[in-house]
Amino acid sequence: MKVVEKNFCAKKILVCGIEPEEYYRISACDTTKEIWEALQIAHEETTQVKQSKIDILTIEYELFRMKDYESIQDMHTRFTSIINELHSLGETIPKNKLMRKILSILPRPWENKVNVIVESKDL
């Protein structure tokens, strides 16, 4: 009886804590465990899916380039988005590595500025 009662309380907490759209994903679940697993899958928090996302984002990071028509702000926004997603999945890239990546992808007109930044770090 206590197990049924605890399951009911946990189920009630989960159901009350989600938005109406989420409710439709879990409405057919009978147990708290089923609800939790359905929510995990829906929000891609399973280990396999999480690792796949990390792998894809890591490849995006490694292949990241500034587009010809893109402004510095737009490029930085795209770059930051990839980094933030990686961070939210538990992957962090050291700031110095991020800075080197940004400096290496800047277009030729920025070359002088990049050289000054690199030289100032060596001082």
Side-chain angles (χ1 to χ4, degrees):
M1 186 67 168
K2 285 190 175 193
V3 172
V4 172
E5 199 173 287
K6 285 184 180 184
N7 185 58
F8 177 78
C9 287
K11 188 174 177 181
K12 186 176 177 182
I13 290 169
L14 286 171
V15 170
C16 289
I18 60 172
E19 295 184 16
E21 304 87 47
E22 295 287 328
Y23 179 76
Y24 298 114
R25 287 191 180 135
I26 62 159
S27 60
C29 298
D30 293 324
T31 67
T32 306
K33 184 176 187 228
E34 288 175 1
I35 292 172
W36 187 253
E37 288 172 352
L39 290 172
Q40 271 189 315
I41 291 168
H43 294 282
E44 301 180 337
E45 289 301 320
T46 60
T47 307
Q48 187 177 10
V49 173
K50 183 178 176 181
Q51 190 57 51
S52 294
K53 271 188 114 175
I54 289 170
D55 293 342
I56 290 168
L57 288 166
T58 301
I59 290 169
E60 279 186 50
Y61 166 79
E62 290 170 355
L63 298 177
F64 189 86
R65 296 287 175 259
M66 186 172 176
K67 298 176 182 173
D68 292 335
Y69 60 86
E70 195 170 37
S71 70
I72 295 293
Q73 290 83 9
D74 292 340
M75 179 269 302
H76 186 264
T77 300
R78 265 188 331 114
F79 186 75
T80 303
S81 175
I82 293 168
I83 300 310
N84 287 344
E85 282 188 66
L86 279 168
H87 186 72
S88 73
L89 293 168
E91 286 291 308
T92 54
I93 300 172
K95 287 185 180 185
N96 61 343
K97 192 174 179 183
L98 295 174
M99 187 63 69
R100 281 186 303 219
K101 180 68 173 177
I102 289 284
L103 292 174
S104 72
I105 63 171
L106 289 173
R108 192 170 279 286
W110 286 79
E111 191 173 331
N112 289 335
K113 293 173 183 160
V114 169
N115 290 337
V116 169
I117 291 170
V118 170
E119 288 173 9
S120 70
K121 286 185 177 185
D122 291 339
L123 298 177

Polar side-chain atom of S81 near backbone of T77 as donor-acceptor pair, under 3.5 Å
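Such a contact is absent between S81 side chain and T77 backbone.
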
E34 (side chain) donor-acceptor with D30 (main chain) under 3.5 angstrom
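At least one qualifying donor-acceptor pair exists.
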
Taking ring-ring contact (aromatic ring centres under 6.0 Å, His included) as the definition, give me every residue that meets it alongside F64, ordered by chain and number, with sequence neighbours left out.
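For F64, the residues satisfying ring-ring contact (aromatic ring centres under 6.0 Å, His included) (neighbours in sequence not counted) are F79.
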
Pair listing, salt bridge (charged side-chain N to carboxylate O under 4.0 Å, His left out) test, anchored in residues 68-97, at least two apart
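Qualifying pairs: E70-R78.
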
Using the test side-chain contact (heavy atoms from CB on, under 4.5 Å), find all partners of [X] that sit at least two apart in sequence or belong to another chain.
X	result
T92	H87
S52	none
T80	H76, N84

Give the minimum heavy-atom separation between [X] and [Y], together with the two atoms involved.
X	Y	result
I105	M66	O-CB, 3.7 Å
L89	K50	O-CE, 2.9 Å
L57	L86	CB-CD2, 3.6 Å

Connected via hydrophobic side-chain network under 4.5 Å: W36 and F8
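No, W36 does not connect to F8 through the hydrophobic network.
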
Test of understanding: clusters of I, L, V, M, F, W, Y form through side-chain heavy atoms closer than 4.5 Å, transitively. Do I56 and I83 belong to the same one?
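Shared cluster, no.
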
Rounded at 0.5 Å granularity, tell me how far CZ in R65 sits from OG in S104.
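Output value for this atom pair is 6.0 Å.
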
What residues join I59 in its hydrophobic cluster, counting side-chain heavy atom gaps under 4.5 Å, either direct or through other members?
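For the cluster that includes I59, the remaining residues are L63.
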
Taking C-beta and beyond as the side chain, do I35 and L39 meet within less than 4.5 Å on heavy atoms?
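In contact.
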
